Amino acid sequence: MTLFEKITARQIPAEILHEDDRCLVIRDINPQAPVHFLVIPKTVIPRIGEAAPEQQALLGHLLLTAASVAKAEGVAESGFRVVINHGPDGGETVPHLHVHVLGGRPMTWPPG
Ligand code: 5GP
């Protein structure tokens, strides 16, 4: 089981912001901004580059959920950043696709 499957199964605690039949949204344990949460599909896709064409609707659902939870977290007006890390150079550490949403402070560009 991946770390995020264990969190979904309530074997590891997390602050859950949203859950539906297809995804779980949790606050990041090591936040990089005042608002930092993760949108995690319940189906394990290791990383975005391994998503299949038939998962298109699920991927869209993750992004729509990211936007809706960002609104609920109060950062829709001020703005937020959506990040998916793929592989070593992308900074991926958990091999279970997740969408980062960061907000509550101005972001810099380019990212580090
Ligand atoms: P990645 O580096 O793979 O894009 O992102 C993994 C994220 O998961 C990191 O931001 C990290 O802080 C977060 N994370 C790792 N372990 C846990 C955990 O046990 N609970 C929660 N809520 N977040 C975690």
Side-chain angles (χ1 to χ4, degrees):
M1 264 179 131
T2 69
L3 170 66
F4 293 150
E5 282 180 291
K6 288 179 185 163
I7 289 175
T8 302
R10 299 340 194 235
Q11 292 173 10
I12 294 174
E15 186 181 344
I16 296 169
L17 301 178
H18 168 89
E19 181 169 26
D20 60 41
D21 57 328
R22 288 174 284 174
C23 72
L24 185 75
V25 181
I26 61 170
R27 240 182 253 294
D28 198 291
I29 205 168
N30 182 23
Q32 301 302 309
V35 172
H36 185 179
F37 61 84
L38 307 173
V39 185
I40 301 163
K42 290 187 173 175
T43 298
V44 181
I45 303 168
R47 54 196 58 80
I48 188 65
E50 290 168 44
E54 55 269 26
Q55 291 168 322
Q56 181 172 338
L58 172 60
L59 297 174
H61 179 68
L62 300 179
L63 289 179
L64 289 170
T65 301
S68 115
V69 177
K71 189 172 183 187
E73 285 290 299
V75 294
E77 295 253 325
S78 51
F80 58 91
R81 182 167 291 175
V82 177
V83 173
I84 299 175
N85 297 324
H86 173 115
D89 281 0
E92 173 198 320
T93 59
V94 178
H96 178 155
L97 176 67
H98 48 283
V99 176
H100 292 260
V101 178
L102 301 113
R105 66 166 171 84
M107 300 290 147
T108 58
W109 195 263

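Start at 1 and go down the list; that is how both ligands and their atoms are numbered. Keep in mind the model is a prediction, meaning the values are calculated, not measured. We count residues from 1, following the sequence as given.
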| said: Checking Arg27 against Glu73 for the side-chain contact (heavy atoms from CB on, under 4.5 Å) test, could you report, in this order, the C-alpha distance in whole Å, the side-chain angles of both residues, the deciding distance, and whether it holds? | reply: CA-CA 11 Å; Arg27 240 182 253 294; Glu73 285 290 299; 2.8 Å; yes
| query | Under the side-chain contact (heavy atoms from CB on, under 4.5 Å) criterion, do Val69 and Val101 qualify, and how do the steps go? | reply | CA-CA 9 Å; Val69 177; Val101 178; over 6 Å; no
| message | For a side-chain contact (heavy atoms from CB on, under 4.5 Å) check, start with the C-alpha distance between Glu19 and Lys42, then their side-chain angles and the critical distance, and finish with the verdict. | response | CA-CA 10 Å; Glu19 181 169 26; Lys42 290 187 173 175; 2.8 Å; yes
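Contacts between Asn85 and ligand 1, counted as non-hydrogen atom pairs separated by less than 4.0 Å, involve the side chain only.
Residue Asp89 qualifies as open at atom CG: its count of foreign heavy atoms under 6.0 Å is 12 or below.
Residue-to-ligand polar distances place Ile29 within reach of ligand 1: an N/O pair is separated by less than 3.5 Å. Checked against a 3.5 angstrom limit, the closest N/O atoms of Arg27 and ligand 1 fall inside it. Annotation: Phe4 places no N or O atom under 3.5 Å from an N or O atom of ligand 1; distance criterion only. For ligand 1, the polar-atom distance check finds no N/O of His36 at less than 3.5 Å from any of the ligand's N/O atoms. Polar contact with ligand 1: absent for Ile26 (N/O pair, distance under 3.5 Å).
For the pair Arg47 (side chain) and Ile84 (backbone), a donor-acceptor distance under 3.5 Å is absent. When atom types are taken as modelled, the side chain of Arg22 and the backbone of Leu62 share no donor-acceptor pair closer than 3.5 angstrom.
Each of the atoms 12 (O) of ligand 1 lies under 4.0 Å from some heavy atom of Asn30. Listed by atom number, the atoms of ligand 1 under 4.0 Å from His100 heavy atoms are 1 (P), 4 (O), 5 (O), 7 (C), 10 (O). Near Ile7, meaning under 4.0 Å from any of its heavy atoms, are these atoms of ligand 1: 20 (N). Per-residue contacts place Leu38 under 4.0 angstrom from the following atoms of ligand 1 (heavy atoms of the residue considered): 8 (O).
Taking CG of Asn85 as the start and CG of Leu97 as the end, the distance is 10.5 Å to the nearest 0.5 Å.
In this pair, His98 and Phe4 present their aromatic rings perpendicular. The plane angle is above 60°, beyond the 30 to 60° band.
When only non-hydrogen protein atoms are considered, atom 15 (C) of ligand 1 lies nearest to Leu3 CD2, 3.9 Å. With hydrogens left out, the protein atom closest to atom 10 (O) of ligand 1 is Asp28 OD2, 2.4 Å, a heavy atom. The nearest protein atom to atom 3 (O) of ligand 1, hydrogens excluded, is given as Thr93 N, 2.7 Å; this is a heavy-atom distance.
When all heavy atoms of His86 and Gly49 are compared, the closest pair comes out as ND1-N, 3.2 Å.
Remark: distances from the non-hydrogen atoms of His98 to ligand 1 include one below 4.0 Å.
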